[in-house]
Amino acid sequence: MSAVQSPYANHAHADDPVVQALFARFGNHVFVEQSTYTGMPVLWLDREHLLEVLGFLRDMPEPFEMLFDLNAIDERLRSHRADLPPADFTVFYQLMSISRNRDIMLKVALSERDLEVPSIAGLYPNANWYEREVWDMFGIDFRGHPHLTRLLMPPTWNGHPLRKDYPARATEFDPYTLTVEGQDTEQEALRFDPESWGMKRKDENTDYMFLNLGPNHPSAHGAFRIVLQLDGEVVVDCVPDIGYHHRGAEKMAERQSWHSYIPYTDRIDYTGGVMNNLPYVMAVEKLAGIQVTDRAKTIRVMMAEMFRINSHLLFLGTYLQDLGAMTPVFFTFTDRQKAYEVIEGITGFRMHPAWYRIGGTAHDLPNGWDKLVQGFLDWMPKRLVEYERAMMENAVIRERTKQVAAFTTREALEWGVTGPNLRATGCDFDLRKKRPYSGYENFDFEVPLGANGDAFDRGQLRIDEMRQSLRIIQQCVDHMPAGDYKADHPLTTPPPREKMLQHIETLITHFLQVSWGPVLKPNESLSMTEATKGINSYYLTSDGNTMSYRTRIRTPSFPHLQQIPAVVRGALVPDLIAHLGSIDFVMADVDR
Amino acid sequence: MSWWTPQVEAIAFALFQALVILIAAVGAGALLTMVERRLLGLWQDRYGPNRVGPFGVLQILADMLKILFKEDWIPPFADRTFFVLAPAIAMASLLLSFMIIPITPSWGVADLHIGLLFFFAMAGINVYAVLFGGWSSGNKYALLGAMRASAQTLSYEVFMGLSLMGVVAMAGSFNMREIVAAQETIWFIVPQFFGFCTFLVAGIAVTHRHPFDQPEAEQELADGYHIEYSGMKWGMFFIGEYVGIVLVSALMVTLFLGGWHGPWLPPIVWFLLKTTVFVGFFVLLRAALPRPRYDAVMSFGWKICLPLTLINLLVTGALILVFSPAGG
């Protein structure tokens with residue numbers, strides 16, 4: 001556990017072995033260190049050195065196998081930049097090393113007049129979509145990128161939404177109109193052009209069929225489009241197209257107070273409920289310096305695990321339905337209803353409780369909560385056995401999923417795959433164990449692993465994970481700590497209501513925090529959690545204001561979808577459907 | 001009343017019979033749309049349609065009204081002639097097959113010598129409905145569905161015929177009434193068990209029912225060959241499918257379960273009872289099974305069912321030769 005860093009460490013990581021190795025190799029004049037609450041070394045460097053440094057990190061002993069995140073920040077309006085290199089825009093690269101269980105972040109400063117960095121898609125294949133997103137959102141050019149086009153916005157869009165000079169509210173635009181001609185233009189712009197993707201329309205013997213699957217298709221799990229190049233029913237190649245569910249969640253964060261943004265996080269992975277609140281409030285608490293009470297931590301864990309089960313049940317039902325079994329989904333929805341009764345009883349809401357608060361939770365647990373939760377804990381195990389016996393042991397299911405859409409740990413890391421999909425390949429990496437947060441270190445549970453990384457393992461693993469979640473919840477019920485559900489801290493938002501009614505000081509704070517919102521000191525923090533679908537992280541930049549200066553949401557589903565072509569080339573259409581069902585994605589988690 | 005001769009009376013009665021059976025078949029198909037949804041509901045922890053009329057029986061009426069009043073849309077890119085022809089074939093070919101089924105000793109439309117062969121012919125024509133529908137829609141999903149349908153039906157019709165040859169050999173006739181009569185002592189499901197199994201599989205495949213619904217495969221092809229259909233044309237495909245279920249169930253009863261034979265109860269009750277059990281089985285299959293991959297369905301047909309029917313036919317033939325009187 002030595003690799004686990006205190007989340008409140010704000011020291012420069014000069015003694016970090018990776019930083020030492022970089023200094024030794026390139027000289028320390030190349031880098032500028034930034035001190036943050038991200039819990040990892042943050043190094044600035046010139047774009048001339050970028051490829052070399054990334055290559056070094058990727059190929060060093062115990063390498064940084066995964067490009068965890070890549071995005072940008074518009075720095076032009078940022079007032080607290082202290083000793084940072086001058087920059088109008090910053091592109092940041094967050095790398096993760098599974099073997100070291102460490103991260104590192106590299107930042108490249110760019111001037112407004114010269115918005116260009118070399119593409120790193122050759123080093124890390126999953127950089128492809130991230131770079132397209134950055135180009136789409138900031139207008140930063142990536143030299144040498146194979147296909148730098150818009151990713152989230154429509155191909156006809158003007159402007160780059162995450163720039164600070166781009167309006168955030170609909171009222172700042174002219175009223176929206178769509179004429180018939182406009183609609184035709186938009187539709188025509190979406191027509192798939194194989195040549196622009198380097199695809200051939202025909203070979204010596206074959207005329208390929210280009211099949212447009214989605215954005216409206218029973219198995220696309222939301223507004224997701226994937227264009228297939230078919231030879232008969234064999235998928236020769238395919239191009240996923242996302243952005244149909246884009247709501248600009250990161251932009252919205254820049255005009256909501258730290259507190260009032262919480263409900264937006266619920267809607268990122270909309271099957272994850274309060275699980276989404278967790279990385280966000282933890283990152284805010286780092287900035288605010290709040291230590292959360294044990295009770296609040298345990299309540300948070302319990303509700304997050306409730307939502308993990310809830311999400312996995314939805315996965316299981318739809319996964320089996322994609323394999324042609326129509327009945328299981330009705331059974332898993334019965335179970336989800338039972339889970340929702342518990343969630344509703346405790347939080348007052350069902351899908352999107354937005355129940356965590358900066359410094360704790362919205363309420364304490366209601367009277368009789370333990371019986372309610374226990375009822376669910378007693379109900380679930382026999383149902384899971386039933387699912388295994390009726391479905392996972394079914395010969396047809398096995399034939400449809402065993403050795404279908406399989407990938408190795410190395411391929412998974414290359415593409416930024418995390419969560420159950422990574423563990424299905426046999427890679428033992430669960431943040432709850434490797435970097436415990438919110439008190440997970442106090443729980444007794446196992447991390448289920450797969451072996452083949454195929455569609456079957458991805459399904460079975462989630463059933464096993466539900467069992468472990470039940471175990472965790474049981475421990476919450478048995479050992480719920482006494483104490484406050486909110487931290488005693490001036491930045492806890494809103495402050496405990498009971499106190500507010502007695503102290504004028506707390507009343508004033510309460511009033512300020514719910515009207516203007518809490519003010520956080522300028523700094524950067526990052527918090528990642530093992531969410532339902534993989535690793536979800538919030539990278540917050542505070543400029544000493546009531547609102548976030550930049551909120552970067554790294555979601556697991558985004559790289560999972562980017563990986564699809566690499567997995568299904570050469571497979572049949574039914575295999576593609578089996579793979580889509582086994583990934584467990586929701587489009588809100590991809591597009592944000 | 002000199003024109004009311006016994007011949008006229010016979011013709012009138014035959015017409016009446018035919019009409020009743022036709023209406024009953026279509027009615028059963030329509031009723032099945034509701035029954036299936038209720039049964040699925042029962043097995044899936046939910047109610048199914050239970051709002052219209054007692055137990056939801058009037059749901060059929062509501063659905064029919066809805067379908068009738070829907071816009072009869074033909075996509076501009078479709079081939080009109082075949083697009084219109086396809087649903088008519090789908091419904092007519094299977095309805096016509098009811099002609100050969102003897103319901104009770106005295107009821108039945110036609111007593112054909114070639115009985116069984118007529119059904120094969122109609123089942124063969126039924127493929128054109130899917131093919132035409134898929135091809136003329138001008139839609140890639142429909143085309144893929146039609147491709148799957150033709151490949152699947154071809155493979156399964158090969159052994160569907162063979163699976164029944166054992167029955168024909170034992171009864172010594174293609175005539176359905178003679179086949180039923182031959183089961184007076186023992187139902188053919190006992191001596192022809194493998195024939196029964198393979199015909200059951202082929203029967204499901206012919207009606208495109210789950211798990212052989214590859215041509216539709218909602219999760220993959222988003223309803224396949226009838227993706228562009230709406231309103232009454234879609235309704236005809238829909239009813240056609242259910243008529244197919246009733247037909248195959250009735251055939252199964254006639255060929256393997258002794259038709260109307262049975263103790264105590266009148267023949268018509270036995271026939272309906274047995275048929276209902278099979279219809280229920282069709283629905284249960286849909287509720288219980290996942291869908292195998294398309295190529296697995298094909299190889300199952302060619303590698304398991306076809307050899308099984310051949311062996312079955314061979315053994316049946318050998319046994320008949322051994323036990324039949326010499327020179328007979």
Side-chain angles (χ1 to χ4, degrees), chain A residues 208-214 216-221 227-228 230 232-235 317-335 337-338 383 386 390-402 404 455 459 571-581, chain B residues 36-48 134 138-152 201 204 208-224 227 282-300 303-304:
Chain A
Y208 297 115
M209 177 195 268
F210 290 92
L211 186 67
N212 186 39
L213 199 143
N216 203 337
H217 184 277
S219 299
H221 293 241
V227 183
L228 311 176
L230 293 178
E233 284 212 29
V234 177
V235 181
T318 52
Y319 163 75
L320 294 170
Q321 190 168 46
D322 285 349
L323 298 172
M326 76 174 297
T327 302
V329 73
F330 293 104
F331 282 80
T332 63
F333 266 68
T334 306
D335 298 344
Q337 176 56 28
K338 303 251 177 207
R383 300 282 283 195
E386 202 176 320
M391 283 290 134
M392 301 314 284
E393 288 174 18
N394 180 301
V396 178
I397 292 282
R398 286 179 170 247
E399 187 193 22
R400 284 291 305 274
T401 54
K402 286 259 182 190
V404 166
L572 293 173
V573 174
D575 295 339
L576 167 83
I577 303 298
H579 181 51
L580 288 183
Chain B
E36 169 166 54
R37 287 158 70 189
R38 290 287 291 184
L39 276 180
L40 285 176
L42 182 73
W43 287 318
Q44 293 172 344
D45 260 6
R46 58 193 178 90
Y47 289 113
N139 180 304
K140 291 173 186 174
Y141 287 99
L143 185 64
L144 283 174
M147 267 160 51
R148 282 184 176 193
S150 34
Q152 174 178 307
V201 171
I204 301 169
H208 310 306
R209 284 287 297 186
H210 198 89
F212 296 104
D213 58 347
Q214 303 292 339
E216 297 166 47
E218 191 198 342
Q219 284 80 11
E220 294 152 26
L221 301 184
D223 278 352
I227 191 169
F282 268 87
V283 181
L284 181 62
L285 270 186
R286 178 164 177 215
L289 285 184
R291 182 185 303 110
R293 214 170 69 174
Y294 167 61
D295 53 335
V297 168
M298 298 293 284
S299 62
F300 178 70
K303 289 180 185 162
I304 297 178

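First the proteins, then the strands, lettered A, B, ... as listed; each starts at 1. Remember, it's a predicted structure, so these values are computed and weren't measured experimentally.
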Below 4.5 Å from any heavy atom of chain B, which atoms of [X] appear? Answer side chain, backbone, both or neither.
X: A:Asn394; answer: side chain
X: A:Leu320; answer: neither
X: A:Leu230; answer: side chain
X: A:Glu233; answer: side chain

Query raised in the report: Donor-acceptor pair, B:Lys140 side chain versus A:Phe210 backbone, under 3.5 Å?
Result: yes
Requested in this report: Say whether, by atom type as modelled, one donor and one acceptor occur between the side chain of A:Arg400 and the main chain of B:Arg291 under 3.5 angstrom.
Outcome: yes
For [X] and [Y], which heavy atoms make the closest approach, and how far apart are they?
X: B:Pro290; Y: A:Ile397; result: CG-CG1, 3.5 Å
X: B:Leu144; Y: A:Gly232; result: CD2-O, 4.1 Å
X: A:Met391; Y: B:Ala288; result: CE-O, 3.7 Å

Hey, which of [options] has the most heavy atom pairs under 4.5 Å with chain B?
options: A:Gly324, A:Ala390, A:Pro328; answer: A:Gly324
options: A:Thr334, A:Asp575, A:Val573; answer: A:Asp575
options: A:Leu323, A:Leu211, A:Asp322; answer: A:Leu211

In Å, rounded to the nearest 0.5 Å, how long is the span from [atom1] of [X] to [atom2] of [Y]?
X: A:Met326; Y: B:Leu289; atom1: CE; atom2: CG; answer: 12.5 Å
X: B:Tyr141; Y: A:Asn212; atom1: OH; atom2: CG; answer: 6.5 Å
X: B:Asp45; Y: A:Gln337; atom1: CG; atom2: CD; answer: 12.0 Å
X: A:Thr327; Y: B:Arg46; atom1: OG1; atom2: CZ; answer: 8.0 Å

Report summary line: Residue set satisfying side chain to side chain donor-acceptor pair (under 3.5 Å) with A:Tyr208, at least two apart, ordered chain then number -> A:Asp203
**Report entry** Sub-4.5 Å side-chain heavy-atom contact between A:Val396 and B:Arg293
**Finding:** no
Query raised in the report: Has B:Asp295 got more than 12 heavy atoms of other residues, nucleotides or ligands less than 6.0 Å from its CG?
Result: yes
Query raised in the report: Which residues pass the ring pair (Phe, Tyr, Trp, His ring centres under 6.0 Å) test with A:Tyr319, sequence neighbours left out?
Result: A:Phe315
